[in-house]
Amino acid sequence: MAKSYWLMKSEPNVFSITDLKGSPGKTCYWDGVRNYKARNYMRDEMKVGDGVLFYHSRVDPAVVGTAKVVSKGYPDHTAWDPASPYYDAKSGPDNPVWYMVDIQFQSEFARPLALAELRKVRALKNMVLLRKGVRLSVQPVTAEEFRTILGLARRVSK
DNA sequence: GCCAACGTTGGC
DNA sequence: GCCAACGTTGGC
């Protein structure tokens with residue numbers, strides 16, 4: 001199957017691209033997603049080798065770099081750890097409800113691509129990220145959108 | 001910090 | 001199965 005592309009949101013004060021870069025093997029598991037649609041993407045559609053845009057939400061919202069998917073979806077064990085902030089009594093080792101994938105750091109952009117800047121780019125006007133009211137923390141990106149973002153990241157800031 | 005928009009829960 | 005109420009997300 002062809003490579004797919006995704007955008008994954010994280011609040012930088014919780015887990016930033018710098019944290020990902022500093023993780024062992026520059027790899028982390030993407031735990032804590034508790035939204036069914038986002039879960040379905042991770043559980044059913046994400047593949048090893050898929051491209052990921054790393055997005056910082058809330059604080060200076062911007063796409064800040066890229067990563068790649070390095071595992072298929074597998075159960076998110078933080079859901080059955082009562083000590084975890086992501087604990088969910090619905091889920092257990094025998095009946096996992098929530099899933100995650102592993103991602104590995106690939107690049108950090110020379111400058112963040114702010115949400116406000118992306119809104120001005122015609123080629124991105126249909127991007128899920130820019131649609132009103134979309135709160136999905138894992139969302140699909142087209143190959144063309146992915147390419148456009150990489151191109152913008154390479155361009156010098158005005 | 002505000003608040004609009006969303007997803008989920010729970011009463012009926 | 002509906003839908004109001006609630007908690008959360010996330011841009012501004």
Side-chain angles (χ1 to χ4, degrees), chain A residues 4-23 28-46 50-69 73-103 105-142 144-146 148-153 155 157-158:
Chain A
S4 304
Y5 298 91
W6 308 93
L7 179 142
M8 298 172 92
K9 292 184 188 175
S10 183
E11 295 190 34
N13 49 344
V14 177
F15 190 84
S16 72
I17 191 151
T18 310
D19 294 325
L20 177 62
K21 190 159 54 169
S23 299
C28 73
Y29 51 81
W30 202 259
D31 61 349
V33 172
R34 298 292 178 265
N35 169 285
Y36 288 102
K37 204 164 182 184
R39 176 206 68 182
N40 292 347
Y41 286 135
M42 292 200 292
R43 187 189 61 183
D44 306 333
E45 298 193 38
M46 289 176 105
D50 281 358
V52 174
L53 296 173
F54 198 108
Y55 178 79
H56 284 171
S57 63
R58 304 202 72 183
V59 184
D60 299 324
V63 178
V64 292
T66 62
K68 67 177 175 183
V69 177
Y74 62 100
D76 179 347
H77 56 78
T78 64
W80 56 73
D81 173 6
S84 167
Y86 304 128
Y87 177 68
D88 183 347
K90 284 197 301 293
S91 191
D94 299 326
N95 60 327
V97 175
W98 303 112
Y99 283 71
M100 59 189 178
V101 296
D102 294 346
I103 64 167
F105 174 84
Q106 250 184 340
S107 72
E108 183 172 0
F109 295 160
R111 64 190 183 94
L113 296 176
L115 187 62
E117 179 179 351
L118 300 181
R119 286 195 194 285
K120 295 179 197 156
V121 180
R122 180 170 242 129
L124 299 178
K125 70 178 194 321
N126 292 321
M127 209 176 159
V128 175
L129 179 70
L130 305 181
R131 282 182 209 155
K132 198 180 169 196
V134 169
R135 303 196 321 205
L136 267 182
S137 60
V138 175
Q139 52 183 251
V141 173
T142 68
E144 193 170 342
E145 288 161 355
F146 194 86
T148 301
I149 299 262
L150 292 191
L152 288 171
R155 204 169 303 164
S157 178
K158 274 180 269 184

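All values reported here derive from a predicted model rather than from experimental measurement. Letters A, B, ... mirror the listed sequences (proteins, then strands); counts begin at 1.
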Exercise. For A:Lys90 and B:dG10, give me the distance from atom NZ to atom C1', rounded to whole Å.
Key: 13 Å
Quiz prompt | Whole angstrom value for the distance that separates P of C:dG11 from CG of A:Leu118 | solution = 11 Å
Quiz prompt | Any donor-acceptor N or O pair under 3.5 Å, side chains A:Tyr86, A:Asp81 | solution = no
Quiz prompt | Between C:dG10 (C1') and A:Leu115 (CG): distance, integer Å | solution = 10 Å
Exercise. Would you please classify the geometry between the A:Tyr41 ring and the A:Trp6 ring as parallel, tilted or perpendicular, with 30° and 60° separating the classes?
Key: tilted
Practice problem: Inspect the contact between A:Asp76 and A:Arg34 and indicate whether a charged nitrogen and a carboxylate oxygen are less than 4.0 angstrom apart. | Solution: yes
Quiz item: Is a donor-acceptor pair below 3.5 Å formed from side chain A:Arg135 to base C:dT8, judging by atom type as modelled?
Solution: yes
Quiz item: Is the shortest distance from a Lys or Arg side-chain nitrogen in A:Arg111 or A:Glu117 to a carboxylate oxygen in the other one below 4.0 Å?
Solution: yes
Self-check item: Residue among A:Val121, A:Ile149, A:Thr148, A:Thr142 satisfying side chain to side chain contact (heavy atoms under 4.5 Å, CB included) with A:Met127
Solution: A:Ile149
Self-check item: Residue A:Asn35, side-chain heavy atoms: nucleotide from B:dT9, B:dG7, C:dG11 that is nearest
Solution: B:dG7
Quiz prompt | A:Asn13 CG to C:dT9 P, straight-line distance once rounded to whole Å | solution = 12 Å
Self-check item: Residue whose closest nucleotide on DNA chain B lies nearer the 5' end, A:Arg58 versus A:Asp88
Solution: A:Arg58
Quiz item: Looking for any heavy atom pair under 4.0 Å, which part of the strands does A:Lys132 touch: base, sugar-phosphate only, or nothing?
Solution: sugar-phosphate
Practice problem: Answer with base, sugar-phosphate or nothing: what part of the nucleic acid does A:Arg131 contact at a heavy-atom distance below 4.0 Å? | Solution: nothing
Quiz item: In whole angstroms, how far is the P atom of C:dT9 from the OH atom of A:Tyr55?
Solution: 14 Å
Quiz prompt | Euclidean distance, atom NE2 of residue A:His56 to atom C1' of C:dC12 [Å, nearest integer] | solution = 19 Å
Practice problem: Could you tell me which non-hydrogen atom of A:Val128 sits nearest to which non-hydrogen atom of A:Pro140, and how far apart they are? | Solution: CG2-O, 3.8 Å
Quiz item: Parallel, tilted or perpendicular for A:Phe54 and A:Trp30, by the 30°/60° rule?
Solution: perpendicular
Quiz prompt | Pair assignment for DNA chain B - dot-bracket with | for other-strand partners, Watson-Crick or G-U under 3.5 Å | solution = ||||||||||||
Quiz item: Do the side-chain N or O atoms of A:Tyr36 get closer than 4.0 angstrom to the phosphate oxygens (OP1, OP2) of B:dT9?
Solution: no
Quiz item: Rounded to whole angstrom units, what separation is found between the NZ atom of A:Lys9 and the C1' atom of C:dG10?
Solution: 7 Å
Self-check item: For atom CZ of A:Arg34 and atom P of B:dT8, their distance in whole Å
Solution: 13 Å
